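The first residue in the sequence is number 1, and the count goes up from there. Quantities reported herein were computed from a predicted structural model and do not represent experimental measurements.
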Amino acid sequence: GAWVDETSELGEGAEATDFVDPVRGTHLDIEDEEFVDRVWERFEGYPMAIYVFTKKGRMLFLTSRIDEGVKSIRVGTTERKHKEPGSAYSTGDEVQEILDAIGEVFPGLPIDKNKVRIDAGVRPLMKDTEAAEKGLSAIPRKFGIKRTKDGVWHLIGVKLTEIRAAAAKAIRKAMWRLPVLKWRFFPGTSRTVLNGDEFSEPKFSAQEMKPWIEYRLDHEMLDNFSELMFRQNGEKVLRAPGDEEKASKILAELLEWDENRRLAELEKFRTERRERNKALSGARLVTIEDSLIFFPPSGFQFPGMGRDL
């Protein structure tokens with residue numbers, strides 16, 4: 001985490017490192033009843049987990065929460081350079097920055113500052129001096145793996161959507177240091193379904209489809225068609241007639257499936273989609289600042305997930 005450079009100095013034969021750019025972020029939990037109720041009403045009363053953009057290009061994440069019957073809206077985050085991960089704090093200008101941004105997104109909804117809880121944390125970003133010169137938001141959010149001279153491996157900046165790829169990459173690196181059998185070993189991970197990333201384009205051309213799928217295989221450890229469509233935004237970007245069929249054939253080619261396996265994967269996805277759509281009666285799609293937002297009904301489960309959203 002954010003203590004990689006500190007821990008790399010510990011132990012016999014350790015060395016000082018400069019792997020991480022620690023960046024502090026502030027979040028607000030807004031419990032102002034009038035604000036919260038009006039925002040929930042704006043979203044048709046559905047729980048939400050969304051991001052929106054202000055006019056200045058600032059991205060905000062908003063999540064609705066209910067803790068012991070108390071509703072709140074959690075909003076963040078800011079970005080500030082921070083040297084001491086164990087002493088994260090929020091400043092008045094950070095709090096005001098978020099409040100001003102909320103005012104842009106939800107004009108006319110005042111917030112009682114006495115009903116706002118504040119917290120801060122530090123995210124460990126891979127050191128990128130060139131990108132940092134353009135601003136903290138320009139530092140890539142990709143994970144990295146570093147090895148120090150004393151033989152310690154550090155995984156840096158790993159997000160939930162990357163944990164399988166990070167695990168496989170780390171194991172590969174370790175296996176290459178073993179004397180035998182390394183040429184036979186291809187590490188895999190479980191078929192746990194994870195979220196994918198978002199794309200600004202509503203769909204891809206046929207020429208772009210194969211490299212898009214290849215990226216998911218290389219970086220997200222994709223191994224089944226349902227995950228491509230549900231978790232990796234396949235439904236969003238593969239919308240032209242025949243796209244599902246083309247994508248399944250590309251995935252079958254890349255994973256060396258036979259035709260029976262390809263058809264079985266395609267039918268499994270279509271069955272899960274029918275079940276999902278049947279369960280989604282009453283769900284709403286709302287557009288805010290050109291972002292498509294999905295609000296599931298209470299108790300809804302995505303296919304393949306063992307918990308409610």
Evaluate the side-chain proximity of Phe106 to Ile73: yes if any heavy-atom separation is below 4.5 Å, no if none is.
no
Is there a continuous path of hydrophobic side-chain contacts, each under 4.5 Å between heavy atoms, that joins Val4 to Leu136?
no
Please report the C-alpha distance between Asp93 and Thr91 in whole Å, then the side-chain angles of each, then the deciding distance to 0.1 Å, and finally whether the side-chain hydrogen bond (donor to acceptor under 3.5 Å, both in side chains) criterion is met.
CA-CA 5 Å; Asp93 70 293; Thr91 62; 2.5 Å; yes
Specify the closest pair of heavy atoms between Ala247 and Ile213, including all atoms of both residues, with the distance to one decimal.
O-CD1, 3.9 Å
CA sep, side-chain torsions, deciding dist, call: Glu245, Arg262, salt bridge (charged side-chain N to carboxylate O under 4.0 Å, His left out)
CA-CA 9 Å; Glu245 190 76 17; Arg262 183 187 75 84; 2.9 Å; yes
Is any side-chain heavy atom of Met126 less than 4.5 Å from a side-chain heavy atom of Lys142?
no
Quick check: do Lys115 and Phe35 have side-chain heavy atoms less than 4.5 Å from each other?
no
Just how far is it from atom CG of Leu255 to atom CG of Asn224, taken to the nearest 0.5 Å?
9.0 Å
Under 3.5 Å side-chain donor-acceptor pair for Glu267 and Thr271
yes
Pairwise distance NZ(Lys268) to CG(Leu266) - rounded to 0.5 angstrom:
11.5 Å
Who passes side-chain hydrogen bond (donor to acceptor under 3.5 Å, both in side chains) against Asp21, sequence neighbours left out?
Lys81, Lys127
With the 4.5 Å side-chain cut-off for hydrophobic clustering, are Trp3 and Leu155 part of the same group?
no
Distance from Thr17 atom OG1 to Asp5 atom CG, nearest 0.5 Å?
3.5 Å
Is a donor from one side chain sitting under 3.5 angstrom from an acceptor on the other, for Glu272 and Ser226?
yes
Is there a path of hydrophobic side-chain contacts, each under 4.5 Å between heavy atoms of I, L, V, M, F, W or Y residues, that connects Leu28 with Leu109?
yes
Kindly write out the residues that satisfy ring-ring contact (aromatic ring centres under 6.0 Å, His included) with His27, not counting sequence neighbours, or none if the list is empty.
none
Is any side-chain heavy atom of Thr26 closer than 4.5 Å to a side-chain heavy atom of Arg80?
no
Basic-acidic side-chain contact under 4.0 Å: Glu256, Arg261:
no
When rounded to the nearest 0.5 angstrom, what is the spacing between CD1 in Ile98 and CD1 in Ile111?
10.0 Å
Applying a strict under-4.5 Å side-chain criterion to I, L, V, M, F, W and Y, I'd like to know whether Val20 and Val23 cluster together.
no
Side chains of Ser137 and Glu79: closer than 4.5 Å at any heavy-atom pair?
yes
What residues form a side-chain hydrogen bond (donor to acceptor under 3.5 Å, both in side chains) with Asp128, not counting sequence neighbours?
none
Are Thr63 and Arg74 close enough that a side-chain donor and a side-chain acceptor fall under 3.5 Å?
no
Can you tell me if CD on Glu259 sees more than 12 non-hydrogen neighbours from other groups inside 6.0 Å?
yes
Output the distance between atom NE2 (His82) and atom OH (Tyr89), rounded to the nearest 0.5 Å.
5.5 Å
Counting only heavy atoms not in Lys146, do more than 12 sit closer than 6.0 Å to its NZ atom?
no
Heavy-atom closest contact (Lys113 atom, Leu99 atom, distance):
CE-CD1, 3.6 Å
Non-hydrogen side-chain atoms of Ile102 and Ile30 separated by less than 4.5 Å
yes
Validation row: Arg270, Arg274 side chains within 4.5 angstrom (heavy atoms)
yes
Taking side chain as C-beta onward, heavy atoms only, is Leu228 less than 4.5 Å from Phe269?
no
Drop me the distance from Arg216's CZ to Asp223's CG, to the nearest 0.5 angstrom.
14.5 Å
